[in-house]
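Nothing fancy with the numbering, it's 1 onward along the sequence. Small disclaimer: the values here were computed from a predicted structure and weren't measured.
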Amino acid sequence: MNSDKPALTPLRTFRLPSAVTRTDRPLGEALVAAWQSDGIFQIHATPTQQAATERALAASRAFCARPLSEKAAHVSDLTYSGYVASGEEETAGEKDGSEIFTVCPDIPADDPRVLEHRPCHGPTPWPSAAYADAMTDYMATVGEIGHRLLQLAALGLGLADPDHFTRLTADGWHHMRVLRFPPADATSERGIGAHTDYGLLVIAAQDDVGGLYIRPPVPGEQRGRNWLPGESMAGRYEHDEPWTYVAPVPAVFTVFPGDIMQFMTGGALLSTPHKVRLAARERYTLAYFHEPAFNAVARPIAATDPAEHIHYGTHFTQMFRRCYPDRVTTRRMDEDDGLKVLARLREEALSGGPTARP
């Protein structure tokens, strides 16, 4: 099995200001330029941010060390939060090796949104209070980074309003995949197949093992639009160069755009394809998604057709149903007519009704 890694090209690494003002436009332009040339950049972590990262990684290691029967008990039938066993996910028809705990918004069972059977709404099946504390602290820490990055991206794209994106992410459906990858064996080094992420912005932290590869923008290359039926980036270009190996660097976050950013910018910022190869040792990573609110409607910056939109809750639900067609959450959603509720929410959002967000 070939485990050779390509020659390393250091990623551009930036420091964020504590608060973004219009005078930070040159930094925003540099961030946008890095995404457009490399598909990814890194952000220096402060000591406080790195401490939150290490705490979350330690909590993940402790949870993954538990027996499978115990881990598998932490699954919800209301929300896609919870445990995902290795091999349960597939990319382009091939099983992925990742073991995952997904953290979605933790909404109490007696919340009105849960009682009316809104899809994907419900309590997170936390394995322990310590695990919950570590993950929620980390997500709050990284979420603040996401807010500033979106403001800088707006400035870097030349938008007059630095909050063009952050208005969508107020009360955002921010979530995270806490991942463990097993060591490679003699027959396979596949961790996760090539794909793009469905949301707005991805902020990731990895341990010192490494295994992440990203595909930079390639002039003239056709990129599938995951938000459209019949189009997908799953498995595309997986064995075609170029791919950039993202070497582990202490105390940084890696950041790249998702599908909704590509949609909103009309392809000025492309969603970054990525894949994971297994290494000689197990690997832990945290993939955080900074997202619009569940009932937010995303539109292209230069929208001319009012029908061109993405209702985030519909998009999120469809992506997870596609990934987990047999999961108890999907079956419960069908039993509760959750898709009918979702259709109502979408219509209200598009018409400016009572549950619509700006």
Side-chain angles (χ1 to χ4, degrees), residues 1-16 30-47 49-58 60-61 64 91 96-100 138 141-142 145-146 149 176-185 188-197 201-218 237-258 269-289:
M1 181 173 54
N2 182 13
S3 60
D4 293 339
K5 298 183 177 67
L8 300 183
T9 301
L11 300 181
R12 278 179 268 190
T13 307
F14 303 92
R15 294 188 185 278
L16 295 186
L31 300 182
V32 167
W35 273 335
Q36 290 177 329
S37 63
D38 304 333
I40 191 171
F41 57 73
Q42 295 177 151
I43 294 295
H44 285 291
T46 67
Q49 292 164 351
Q50 185 59 20
T53 302
E54 293 297 337
R55 184 181 176 209
L57 288 171
S60 178
R61 292 187 187 98
C64 288
T91 302
D96 296 329
S98 51
E99 182 180 17
I100 307 165
Y138 176 80
T141 298
V142 184
I145 295 173
L149 284 170
M176 182 166 66
R177 286 158 58 91
V178 185
L179 300 108
R180 171 194 174 267
F181 296 93
D185 60 29
S188 176
E189 58 182 16
R190 177 190 175 91
I192 295 178
H195 66 286
T196 58
D197 285 330
L201 188 66
V202 185
I203 305 174
Q206 59 178 332
D207 64 11
D208 63 345
V209 175
L212 174 64
Y213 293 76
I214 67 97
R215 187 173 186 85
V218 177
Y237 310 117
E238 183 156 346
H239 304 294
D240 301 335
E241 293 300 333
W243 286 90
T244 301
Y245 172 63
V246 181
V249 176
V252 300
F253 300 103
T254 55
V255 185
F256 51 88
L269 296 175
L270 294 175
S271 186
T272 300
H274 50 289
K275 62 183 180 180
V276 175
R277 291 170 60 182
L278 303 180
R281 294 185 288 140
E282 67 177 359
R283 173 177 178 262
Y284 290 85
T285 186
L286 307 165
Y288 167 85
F289 306 92

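Centroid-to-centroid, the aromatic rings of Trp35 and Phe41 come within less than 6.0 Å.
At least one side-chain heavy atom of Asp38 sits less than 4.5 Å from a side-chain heavy atom of Arg12. For the pair Phe181/Arg277, no side-chain contact is recorded, criterion being any heavy-atom separation below 4.5 Å from C-beta on. The shortest side-chain heavy-atom distance between Phe256 and Asp197 falls under the 4.5 Å cut-off. Ile203 is listed as a side-chain neighbour of Leu149, based on a closest heavy-atom distance under 4.5 Å. Proximity of Pro242 to Pro216: side-chain heavy atoms (C-beta onward) are separated by under 4.5 Å at one or more points. Residues Ile100 and Val178 form no side-chain contact, since every pair of their non-hydrogen atoms from C-beta on lies 4.5 Å or further apart.
Legend: residues meeting side chain to side chain contact (heavy atoms under 4.5 Å, CB included) with Val246, ordered by chain and number and at least two apart, are Leu11, Ile40, Gln206, Leu212, Ile214, Thr254. The side-chain hydrogen bond (donor to acceptor under 3.5 Å, both in side chains) search around Tyr288 returns His290, not counting sequence neighbours.
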**OP:** Assess whether ring pair (Phe, Tyr, Trp, His ring centres under 6.0 Å) is satisfied between His274 and Tyr213, documenting all intermediate values.
**Re:** CA-CA 5 Å; His274 50 289; Tyr213 293 76; over 10 Å; no
Subject >> Derivation and outcome, side chain to side chain contact (heavy atoms under 4.5 Å, CB included), residues Gln42 and Val255 >> reply: CA-CA 6 Å; Gln42 295 177 151; Val255 185; over 6 Å; no
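We find that Asp207 and Arg180 are not joined by a salt bridge, their nearest charged nitrogen and carboxylate oxygen being 4.0 Å or further apart. Taking the charged nitrogens against the carboxylate oxygens, Arg215 and Glu238 have no contact shorter than 4.0 Å, which rules out a salt bridge.
Shortest non-hydrogen contact noted between Leu270 and Pro217 is CD1-CB, 4.1 Å. Considering all non-hydrogen atoms of both residues, Gly193 and Lys275 come closest at C-CB, 3.9 Å. The minimum heavy-atom distance between Ala205 and Thr53, with the atom names listed, is CB-CG2, 3.8 Å. When every heavy atom of Thr141 is checked against every heavy atom of Ala52, the shortest pair comes out as OG1-CB, 3.9 Å. The two residues Pro183 and Leu278 make their nearest non-hydrogen contact at O-CD1, 4.1 Å. Of all heavy-atom pairs between Ala45 and Gln50, the closest is CB-OE1, 4.0 Å.
From Glu99, atom CD reaches atom CD of Glu282 across 9.0 Å, with rounding to the nearest 0.5 Å. How far OG1 of Thr285 is from CG of Leu179: 6.0 Å, rounded to the nearest 0.5 Å. Note that OH of Tyr284 and OG of Ser60 are 6.0 Å apart. Values are rounded to the nearest 0.5 Å. Taking CZ of Arg15 as the start and CD1 of Ile43 as the end, the distance is 10.0 Å to the nearest 0.5 Å.
Annotation: cation-pi geometry not satisfied between Arg177 and Phe289 (NZ/CZ under 6.0 angstrom from ring centroid, within 45° of ring axis).
Of the possible polar contacts, one joining the Thr272 side chain to the Gly39 backbone as a donor-acceptor pair under 3.5 Å is found. The closest donor-acceptor contact from the side chain of Gln49 to the backbone of Thr46 lies under 3.5 Å.
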